[in-house]
Amino acid sequence: MYYGSCIFTLNAGKEVDANLYPLLSFLAYLEKSYNGNVTVILFDQTNKSATKKITIAPGEWRKTDLKVGLANEVEWGNVEAGFDWSKIWKVRIDCDFSGVGTGNFWIDQLYFGGRRYSAVREDSTSQSNYGLRELVEVDEELVSDNECDLRAKALLDYFKNPADYLKLNTTVLDYGNSPLLPGDKIHITLPNENVDSDFRIESVEYRVDAKTQTLEITLELGKVPPLLADYLYGMRATTVTVEKLARTKLGKGAIPTALGGGLGAHHVGHEAGGEDGVRWPSEHDGGWDKITGWICPKHIGPFEDEAATIKFRTKNKAGTAALDHQFQPSDNERGVLGCETAHWKEVHSKFMVLYRGLEAPYGDLRFKVQGEANPRARLNEELLEFGPGGALAPDVYLKRIAANKLELKTQYLIPQADNILELGSPTGPKKIAKIYASSFLLPTDGFLHITVYGEDNPKARLTQDALTFGPGGATVPDTWLKRIAANRFESSGDIIPSADNERTLGLGGATPKRWANIYAVNITVSNMLFNFHLIPNADNTYDLGEGTTPKRWRDLYLSGAIKALAGGVAVNLLPDQNAARDLGSSTLKWSNLYLSGLCDVGGNLNVGGFTVITSARVLQNVTADVGIITSGRFPLARFPEGTAGYVLEAQGAGYDPMYVDPNGRYSPAAHTQHADDMPSGGANTGQVGNTTTYWNCIAGNSVWYKALGQFDMLDDLALIKSIRGNGETDEKGMPLADNESLPPEVTENGLINAGALMGLLIGAVKQLTAKVETLEKELAKSRKGAVA
């Protein structure tokens with residue numbers, strides 16, 4: 001194990017508020033297998049954590065006090081965001097070993113403390129009568145919440161009513177047989193002064209007027225003496241002093257307790273001995289610092305009867321961070337760790353760093369025989385060398401020459417015994433990717449095996465005569481490629497392509513490499529593609545297919561003529577059944593048909609997918625090119641009939657005649673309007689578009705309006721001032737108005753009523769005219785006044 005750990009979990013509802021209890025205290029004892037590095041981790045109810053690293057010396061009980069709470073958060077090394085100091089749920093303590101180890105540690109007297117005793121008292125009646133007044137008193141002599149509560153109660157009784165001081169003169173007060181004395185408590189009620197409470201008598205004066213035979217009493221009320229509780233608290237100490245009886249908050253000797261540091265006293269931290277390696281008799285020998293470990297000029301180590309662990313400190317003084325302290329010789333390249341007669345048993349290190357200077361000798365790791373000048377093995381930054389040692393330097397090496405490249409300097413790489421060396425592993429698999437060699441030399445009876453691990457026979461074997469193949473295992477290779485003579489191979493197996501309809505024998509194209517002859521009893525193929533003439537070996541001797549079995553070819557596809565004789569086909573081409581065979585099909589058609597005689601068609605004659613002449617000799621689906629009509633006109637009766645109500649009109653690019661519906665069922669061709677286009681209904685009828693279906697642009701030299709909107713009842717100037725630009729300009733650079741800013745009186749569906757807009761401008765001009773006239777009149781009056 002690398003560390004030991006323990007967790008203390010509090011019951012639900014018993015979580016600690018570290019803001020109220022700001023001290024975590026515990027005793028710890030670590031066995032000496034621990035290195036003293038301890039991590040304390042606090043967890044809140046949501047398992048968020050706060051971590052602090054401390055040091056506790058092993059081998060003895062040590063008391064540790066840690067400041068906790070939000071006020072002390074800066075003293076913790078790692079506090080998760082949102083960690084709740086008021087809900088401490090778990091306390092975890094981890095103790096580290098020196099590397100890997102085992103051992104026990106104990107935690108005792110773990111508690112949260114440091115909270116001040118407190119109590120709160122209040123009186124709602126006094127708050128209602130006189131308002132809220134708060135008093136906080138800190139008294140270090142109170143040692144429980146109960147004492148704090150009693151003190152708060154006494155203070156509340158003392159302060160809850162006003163400390164009024166009254167002087168009362170009376171001649172009508174009759175005390176009877178019980179005269180008023182100083183220290184007595186009487187009740188005074190003064191409604192006008194809002195006084196209704198008990199008062200103490202500070203002093204009383206009696207005076208008798210002999211002439212009038214009246215008794216006059218003068219009372220001074222309200223001055224309250226010290227509370228008895230103050231004297232009681234003062235007398236709790238061993239010695240009653242004037243200071244305590246004077247109600248001091250901190251009596252002599254009442255010194256607050258300081259928090260500990262968590263490491264214990266120094267004088268029990270070490271052992272010491274003399275230069276001869278003998279332990280000093282007592283802790284007082286060897287200096288004022290009582291050391292109990294080996295720290296002396298010639299010996300460093302524990303004085304123990306059992307194996308112990310010595311720590312080289314790698315932390316800062318606070319114990320909160322790891323540092324790379326160095327253990328250096330006082331002089332460069334000096335000092336020896338161990339010697340030829342005193343060897344270290346083991347050395348454990350993450351790195352072994354060797355010194356590398358600018359010139360030889362460089363640092364290296366050597367294996368030497370005592371007394372020999374040269375090492376038998378040497379490791380430096382570049383290579384691992386071996387040699388006989390003695391007078392000869394290492395001469396065989398493994399050297400790194402580049403990234404992922406190792407150079408071996410040796411003439412022979414010999415296995416320890418015959419026939420045992422294997423390169424790579426068959427079970428990993430960890431195989432050698434490539435082997436580059438000038439030659440592989442095999443003995444005269446040797447061969448190169450390709451063998452599956454654990455099988456007796458190879459799956460392939462290469463000898464000087466043949467390359468043989470087989471299933472391996474219990475079966476020896478049975479298929480081979482064998483050299484039988486110069487430029488001749490013999491194969492004992494079938495040659496099969498890797499997949500159906502794949503691979504090629506020979507090479508075609510512009511630079512062909514073809515087989516000269518192929519000798520075979522049978523050639524069975526799915527397709528035969530020839531780039532040469534298929535010529536029989538003898539004239540008029542061999543057939544294509546045979547008619548006895550029969551074994552006939554099914555289809556014959558040709559792009560040229562069939563020449564059964566030298567002059568062509570001298571036979572009739574007849575189907576075997578009447579009206580049952582076709583020339584071509586709907587998808588595979590003959591290109592051209594050339595005939596010099598009769599074409600007798602028993603059915604319909606189709607052209608371009610349409611029947612143009614039926615079997616009853618009816619012409620249909622035919623149009624005549626206008627070019628064949630050279631003169632004259634078609635009579636009206638010759639026109640094809642159209643739909644009732646349609647008109648015949650020339651349309652399209654070629655002005656072809658067509659029947660169209662005159663009621664807007666087609667889009668007429670664009671044309672230029674003639675002059676003086678008037679509404680058919682006369683004046684004040686008809687319209688050009690509307691506010692939902694409108695023309696893009698109407699251009700003219702002038703636009704006339706009969707109705708012009710008037711805005712005399714509106715503030716035309718205010719409406720015009722609200723019109724703003726949209727930030728754009730027209731092609732002439734004139735700024736454009738923002739239609740959204742136009743008043744609703746001149747717009748509809750995003751369009752502008754030009755007549756209403758003109759009326760708005762006229763109204764604005766009229767208002768400006770009226771304002772100018774008014775200003776002129778006022779200016780004239782002011783001039784007259786100036787002249788007078």
Side-chain angles (χ1 to χ4, degrees), residues 81-82 647 649-655 658 660-788:
V647 297
E649 182 174 315
Q651 280 280 16
Y655 300 99
M658 63 181 295
V660 296
D661 187 347
N663 296 323
R665 299 194 50 162
Y666 68 96
S667 298
H671 57 275
T672 302
Q673 179 63 43
H674 62 81
D676 301 330
D677 192 3
M678 303 295 182
S680 59
N684 199 27
T685 63
Q687 66 183 37
V688 180
N690 54 43
T691 58
T692 58
T693 304
Y694 43 85
W695 296 92
N696 179 49
C697 176
I698 298 178
N701 191 36
S702 62
V703 179
W704 291 22
Y705 303 93
K706 182 176 185 300
L708 194 64
Q710 298 295 327
F711 290 84
D712 290 341
M713 300 304 295
L714 302 175
D715 188 350
D716 303 274
L717 289 177
L719 293 177
I720 291 178
K721 288 180 181 179
S722 66
I723 300 175
R724 62 179 182 271
N726 64 1
E728 300 179 359
T729 59
D730 60 10
E731 63 274 6
K732 294 183 179 180
M734 300 296 293
L736 300 178
D738 183 4
N739 289 356
E740 298 295 331
S741 66
L742 295 174
E745 290 82 359
V746 301
T747 61
E748 183 178 354
N749 291 343
L751 301 178
I752 302 171
N753 187 332
L757 181 61
M758 186 61 70
L760 175 65
L761 295 176
I762 292 174
V765 171
K766 291 172 62 179
Q767 290 182 4
L768 287 174
T769 302
K771 291 180 180 294
V772 170
E773 290 176 351
T774 301
L775 290 174
E776 288 177 344
K777 290 178 181 180
E778 292 179 354
L779 180 61
K781 290 180 180 180
S782 63
R783 288 176 177 175
K784 289 180 180 180
V787 172

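- Here the closest non-hydrogen pair linking S722 and S741 is O-CB, 3.5 Å.
- Rounded to the nearest 0.5 angstrom, R783 CZ and K781 NZ are separated by 14.5 Å.
- Checked options E776, E778, K771; the residue passing with T774 is E778 (criterion: side-chain contact (heavy atoms from CB on, under 4.5 Å)).
- Here the OG1-CD1 distance, from T769 to I762, works out to 11.5 Å after rounding to the nearest 0.5 Å.
- With rounding to the nearest 0.5 Å, the separation of CG in N690 from CG in L751 is 9.0 Å.
- Taken from CG in L775 to CD in E773, the straight-line distance is 10.5 Å, to the nearest 0.5 Å.
- Residue pairs meeting the side chain to side chain donor-acceptor pair (under 3.5 Å) criterion with at least one partner in residues 726-737, sequence neighbours excluded, are absent.
- Remark: T685 engages P679 in a side-chain contact (heavy atoms from CB on, under 4.5 Å) (not counting sequence neighbours).
- A donor-acceptor contact shorter than 3.5 Å links the side chain of S782 to the backbone of L779.
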